Amino acid sequence: MLGGGGLVAANVYATASESGQTQAGQVLASGAATIDCPDVGSQLTAVPDEAKAEVDKELALLDKQIAEAYQRLQQSTQAIQQDGAFAENSIMNPLKDKRAATIERIAIAVDRVGDRPQGLEPFAACILRASGNQGEQGGDGQNGDQGGEDQQQDGDNQDNQGQDGQNQGEGQDNGQGQGDEQGDQQGGNGGQGGNGPVAADFVDIKSVQPNVQSASKQGNASRGTFSTACGVNANGLFNSDNVIVAPGVTNGAHHFHDYVGNQDNNAFASDQDLANGDTSCENKGDKSSYFWPVIRLQNGAQEQDAGSPGGGIEGNAGEIVTPKQVTMTFVGNPQSKVTEMPKLLRIITGDAKAFVNGNANANASWSCTGFEDRQLKDKYPLCPQGSDVVRTFKFQSCWDGNNIDSANHRTHVAFADANGVCGNGFKAIPQLVQRIVYDIDAPSLNDGGRTTPLFAVDSFPEQLHKPVTDHGDFINVFDEDLMGEMVDCINGGRKCDAADGAGDGDDGGGAGEEPGNSPSPTPENPPGGNNGDDDPADNGNGNGNGGENTPSPTPTPTAPSGGNNQDEEPADNGAENTEKPSADSTQAPNPADGEDKGNGEAVPKTESSPSAVQSDEAAATGGGDDNDLGGAVPGPEPSSASVLEPQATSGGLADTGTQLWPAAAGALLLLAGFVLLRRINSRQT
């Protein structure tokens, strides 16, 4: 009886476990999972100057470890199908060990010259989470990495620059042949890089309700504007570095950036290099560096980085799109005058890791010309014929008065509160509002972008090219005299252009008006839409400070209601219901991004722009409160388990019968035991 019962229990448990592993393996093997690691950099609010260089390199190494683990996850389809525990044992556990060693080195580096940071150890563990891309598989796009040969050519044997020897070379296998189907890679798994985008990442802009609001200006408001023209990166200055977040580390961003302004920005650029560099700006007194992730068409094109880290090797593949127009406008504060930015001030807006980190610091804004009173946070827009794609970045406009950077690249600057007030003693500075326009046809979603290719922003590989990860970077290298002229112009209520001389702008009557192009009507201009804003000053209602190093996710609603997170005046930080940042806080309010400028020249698009997926329509419209992202949240929040829960079922009745025959034999033994026991008892009586 005991043997039979044990056989039943063991077989049922083993079958259930195998089924669960198979289901989880199916999700993993389909490419519908990503790696979610808590962000260590956001926890380091104070790092001594003597330790910063070493800490920055170790933080960059953490990103490299995640990227390599994600690549291995993509390349291990067959192994995961054969062994449901493969991902945990061969990818996640080694990743945890490496992260633990790196985090310990960070703590030691800080401890040498200051107080050892506490509480970092739990940040070593990562989880596998569903990507939200289930059901998008199919076609020829699965696992199609452009330039995929030798994707893991460096493997993990170069990890930690020789310091973490364990699991060396674990990324070597399955690295070949990933790019054999480059011609047909726009298929259902999304994008030729194999890690997105997917059709569900897009929404028809016409289905989005107007969600941009403006904040009122008070009597002492600084109402002027100051614009600087620095080109569209027509000369093709790109790299996958980030001198703010990962100075001295090649490929610190793991995705390509467009650069305008300063022409000497790379991972190794010193402050002196930036100060002495050339500039693409019309006014040579502006040597500031403006950079952002490139947009690519998923059309199979081989770009210069097709076989390189940061490019095709990490899933950033396809034709890089040069912007049609880039405008940079500095605006004032709705409550007070502004003060000059310090030289070499660094600001990052948005969160490059928002898909796994959550929305707290996300600050993406996507729209279409003629529809810019409708801003999207976590969807790419499908623009109608005659309308162009628009990205808008609004940067923090409050400064702590002391620091040009901070350990987590966020606590030295912040967004103003709902009324435009800079809290905690921070000072109002000119706010950079950056608008980038692209001539991109609406992709054909019904065939996975085969007719008209999908487009996507470059991202860290595990972020799957989600639009919510969009972000912008700025380093102030304005000549001090020109910065002074900017402040005088803004505080004086004038509209100035750096190319013409800061003091030569419109006086008086033009105060507070948006410089640049107001939109011409488009054939499908929405009724009731504000397509040209009066002042690019208001940061509408959000709840995150920008930064590429962001905190671990906080719970967010799974079905947001849209929300009034944008406004018509990109400089008034109208972040309602947000918490003012403190000097030692790692989070600051996130402005809603919405600039209602349209582009003056409408370029014809495809005749039949596809409609958005219906489920997206509800998520992107409606009222909502002021603390959401104005659209659907980026994706499911991570679970507490280290391996994602089963997402699919498999097998039929026959399959189940073949797996449970030992349980049936055990049941017979159990019954035979009962019969034998009864006979023994009857004889004894």
Side-chain angles (χ1 to χ4, degrees), residues 224-238 257-265 274-275 277-292 294-295 321-332 341 345 347 349 369 372 388-395 429-439 472-490 494-507 510-520 532-533 535-537 570-571 595-601 603:
T225 63
F226 182 94
S227 60
T228 180
C230 301
V232 296
N233 195 26
N235 59 326
L237 179 60
F238 308 111
H257 285 128
D258 266 317
Y259 287 87
V260 301
N262 200 291
Q263 300 294 287
D264 285 0
N265 188 341
L274 295 172
D278 294 329
T279 180
S280 65
C281 299
E282 292 182 10
N283 189 320
K284 301 308 176 185
D286 181 9
K287 294 186 178 182
S288 300
S289 184
Y290 309 87
F291 55 108
W292 55 83
V294 301
I295 283 181
V321 182
T322 300
K324 176 181 179 179
Q325 181 186 47
V326 176
T327 58
M328 262 98 55
T329 306
F330 292 86
V331 298
M341 292 181 180
L345 175 70
I347 308 180
T349 190
T369 56
E372 291 182 61
D388 292 323
V389 173
V390 182
R391 299 161 78 184
T392 306
F393 297 118
K394 294 181 183 178
F395 287 74
I429 55 175
Q431 182 182 38
L432 171 59
V433 179
Q434 192 168 273
R435 181 173 176 271
I436 312 172
V437 181
Y438 297 86
D439 181 6
D473 303 74
F474 168 67
I475 303 175
N476 170 38
V477 199
F478 270 89
D479 177 270
E480 278 123 359
D481 290 340
L482 187 57
M483 175 60 67
E485 292 176 9
M486 176 199 295
V487 168
D488 289 343
C489 173
I490 293 173
R494 301 193 306 276
K495 178 180 176 181
C496 306
D497 188 332
D500 299 329
D504 299 334
D506 296 336
D507 226 350
E513 292 184 3
E514 168 79 56
N517 305 302
S518 57
S520 57
D533 70 19
D535 193 325
E595 183 180 356
D596 297 342
K597 273 195 311 188
N599 186 37
E601 297 181 18
V603 175

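All heavy atoms count here, side chains included; hydrogens, waters and symmetry mates do not. These numbers were taken from a predicted model, which means no experiment stands behind them.
Checked against side-chain hydrogen bond (donor to acceptor under 3.5 Å, both in side chains), N235 has the following partners two or more places apart in sequence or in another chain: Q263. Every residue two or more places apart in sequence or in another chain that forms a side-chain hydrogen bond (donor to acceptor under 3.5 Å, both in side chains) with N265 is listed here: S289. Evaluation of the side-chain hydrogen bond (donor to acceptor under 3.5 Å, both in side chains) rule for N476 yields no partner, not counting sequence neighbours.
Here F393 contributes atom CZ and I347 contributes atom CD1; the two are 14.0 Å apart, rounded to the nearest 0.5 Å. L237 contributes atom CG, which lies 12.0 Å from atom NE2 of H257 (distance to the nearest 0.5 angstrom). In this structure, OH in Y259 is found 11.5 Å from CG in D264, a value given to the nearest 0.5 Å. Interatomic distance, S280 OG to N233 CG, rounded to the nearest 0.5 Å: 7.5 Å. Between T369 atom OG1 and Q325 atom CD the span is 9.5 Å, to the nearest 0.5 Å. Taking OH of Y438 as the start and CG of D388 as the end, the distance is 11.5 Å to the nearest 0.5 Å.
Side-chain atoms of S227 do not come within 3.5 Å of backbone N or O of M328 as any donor-acceptor pair. In terms of modelled atom types and a separation under 3.5 Å, the side chain of Q431 and the main chain of F395 share a donor-acceptor contact.
For the pair K287/L274, no side-chain contact is recorded, criterion being any heavy-atom separation below 4.5 Å from C-beta on. Side chains of L482 and F226 form a contact here, defined as non-hydrogen atoms less than 4.5 Å apart.
The nearest pair of heavy atoms linking Y290 to C281 is CE1-SG, 4.3 Å. Of all heavy-atom pairs between N283 and A498, the closest is ND2-O, 2.7 Å. The two residues D497 and A499 have their closest heavy-atom pair at OD1-N, 2.9 Å. Here the closest heavy-atom approach between residue K394 and residue T349 is recorded as O-OG1, 2.8 Å. The nearest pair of heavy atoms linking S288 to V477 is OG-N, 2.9 Å. The two atoms that bring I429 and L345 nearest to each other are CD1-CD2, 3.9 Å, heavy atoms only.
For F330 and F478, the ring centers are positioned less than 6.0 Å apart.
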